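Because the structure is predicted, anything quoted here is derived from the model rather than measured. Note that ligands are numbered from 1 as they come in the structure, with each ligand's atoms numbered from 1 the same way. Basis for what follows: all heavy atoms, side chains included, without hydrogens, waters or symmetry-related copies.
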Amino acid sequence: MHSRDAVVAGLPELSGVGRCLVMGVVNITPDSFSDGGEWFEPDAGVQHGLDLLAEGAEILDVGGESTRPGAARVDEAEELRRVIPVIERLASHGAVVSVDTTRAAVAERAVAAGARIVNDVSGGLADPRMGHVVADTGVAYVAMHWRGHADVMDSLEVYDDVVAEVRDELAQRLDALLAVGVDPEQVVLDPGLGFSKAGVLNWPILAHLEALDALGRPVLVGASRKRFLGHLLEGTRGLPADEPAPPLERDDATAAISALSAAAGAWAVRVHAARASADAVRVADAWTAATRDVLDAGMTAPAHRTTAVGSTGTTADEEGLS
Ligand code: PMM
């Protein structure tokens, strides 16, 4: 069994989907690197969440503190003021809401307001009470690989073998969570792309997602609009050769990573632009299913499906094959 298919506690409607899920980002921050300030007012945040759902997101990740490298921390009261009203309103619309926080008190209040997932970029390291809150509430918990807050994270990117060290440090976080009573079924793991990881360090992690699969829990991939994509795209399509492509120019590359991550077995991708990634994970699903058909047939020619994966019921002519 792929770790993607492992049950995640408290999310029955998202279990058994059989393909990678899409988590849409709702940043209620004035200074996020990727969409800073755009959805800072609660009404705008809620509307943005609803738009992401309409574009195909299955989870909405609401955050009130920027993790942009070098960013200063916001205090707890301000973080609560930003996220709680938005979580309440999105949850009342029936959305599966996740709260992006490193603070146990914010996680607790967010769950009371309707959040079903706690997404902690510190994997429990930033707040010693976090594991206990997760155990007590029983909610799903994303534990991300992390070495320090935004003001110091760039100075902590020292690795001999980035894939093995990220895997081993995540395994330690998992053990620490289980030791305080968290059920393994609550946990989703995330390699933390871009967090204490400079450009080139992110590619081996993506290319070896199966190393995390070995930990037995589903994996979330958060590549969306990150700096390493900006560097990848330097000098393309008329962009300056010596400057990273700006965040809003990174969505197509993000969708490509969503497809590849989904094909590699990721449980979910966390993205700012949901539509392209919702399409991408479906492409990966159809691709993987067709590959499986060939393998099941003993490496002979595939038995052609009579109904396409995700078929809308329209004929080939209506859909326009050319
Ligand atoms: N990245 C950011 C914020 N939260 N959460 C998880 N689980 N994984 C990530 O990679 C991640 C995250 C930073 O991106 P943003 O500032 O655009 O939200």
Side-chain angles (χ1 to χ4, degrees), residues 8 20-40 45 48-49 52 57 59-74 79 82-83 86 97-103 106-107 110 115 117-126 130 134 139-150 153-154 166 170 173 186-197 201-202 205-206 209 212 217-230 246-251 253-254 257-258 261 266-274 277:
V8 179
C20 182
L21 303 167
V22 175
M23 173 189 269
V25 179
V26 183
N27 278 328
I28 317 294
T29 56
D31 59 347
S32 185
F33 79 93
S34 48
D35 51 3
E38 266 191 273
W39 331 109
F40 190 43
H48 183 52
L52 288 168
I59 303 168
L60 298 176
D61 189 37
V62 179
E65 181 172 38
S66 171
T67 50
R68 180 173 48 87
R73 298 214 63 192
V74 296
E79 191 183 348
R82 292 179 185 180
V83 299
V86 176
V97 178
S98 146
V99 59
D100 188 343
T101 187
T102 59
R103 289 188 170 110
V106 175
I117 304 172
V118 174
N119 173 27
D120 177 1
V121 298
S122 83
L125 282 171
M130 183 63 99
V134 173
V139 289
Y141 178 66
V142 180
M144 199 192 81
H145 177 263
W146 184 87
R147 286 185 167 178
H149 283 291
M153 70 173 163
D154 282 354
V166 167
L170 278 176
R173 294 316 311 147
Q186 290 176 258
V187 183
V188 170
L189 298 171
D190 181 334
L193 300 173
F195 286 79
S196 298
K197 294 162 199 86
L201 289 171
N202 294 285
I205 295 172
L206 282 166
L209 287 176
L212 300 184
R217 294 306 304 151
V219 173
L220 173 72
V221 173
S224 188
R225 297 185 182 169
K226 288 199 172 153
R227 272 182 301 176
F228 74 102
L229 297 179
L248 292 177
E249 294 286 334
R250 304 173 191 168
D251 281 335
T254 299
I257 291 191
S258 293
S261 301
W267 175 76
V269 288
R270 179 184 180 278
V271 295
H272 300 85
S277 283

Show the atoms of ligand 1 that are less than 4.0 angstrom away from any heavy atom in Gly222. 10 (O)
Classify the contact between Leu220 and ligand 1 as side chain, backbone, both or neither, using a heavy-atom distance cut-off of under 4.0 Å. side chain
What pair of heavy atoms forms the shortest contact from Ile28 to Gly45, and how long is it? CD1-CA, 3.8 Å
Of Met23, Lys226, Met144, His145, the one whose closest heavy atom lies nearest atom 1 (N) of ligand 1 is Lys226
Go through ligand 1 atom by atom and flag the ones less than 4.0 Å from a non-hydrogen atom of Asp100. 3 (C), 4 (N), 12 (C)
Taking only Lys NZ, Arg NE, NH1 and NH2, and the carboxylate oxygens of Asp or Glu, determine whether Arg227 and Asp154 approach each other closer than 4.0 Å. yes
Check for a donor-acceptor pair, side chain of Asp190 on one end and backbone N or O of Gly192 on the other, with a separation under 3.5 Å. yes
Is the shortest side-chain N to carboxylate O distance from Asp100 to Arg270 below 4.0 Å? yes
Counting only heavy atoms closer than 4.0 Å, does ligand 1 sit against the backbone of Asn27, its side chain, both, or neither? side chain
Would you say ligand 1 has an N or O under 3.5 Å from any N or O of Asn119? yes
For Val142, the atoms of ligand 1 under 4.0 Å from one of its heavy atoms are 7 (N)
Backbone N or O of Thr254 within a donor-acceptor pair of the Ser224 side chain at under 3.5 Å? no
Give yes or no for whether the N/O distance cutoff of 3.5 Å, strictly under, is met between Gly192 and ligand 1. no
If we count only N and O atoms by modelled type, under 3.5 Å, do the side chains of Thr102 and Arg73 hold a donor and an acceptor together? yes
Counting from 1, what ligand 1 atoms have a heavy atom of Thr67 closer than 4.0 Å? 2 (C), 3 (C), 13 (C), 16 (O)
State, without any angle test, whether Thr101 and Glu79 hold a side-chain donor-acceptor pair at a distance under 3.5 Å. yes
Within a distance under 4.0 Å of any heavy atom of Val121, pick out the atoms of ligand 1 and give their elements. 4 (N), 5 (N), 12 (C)
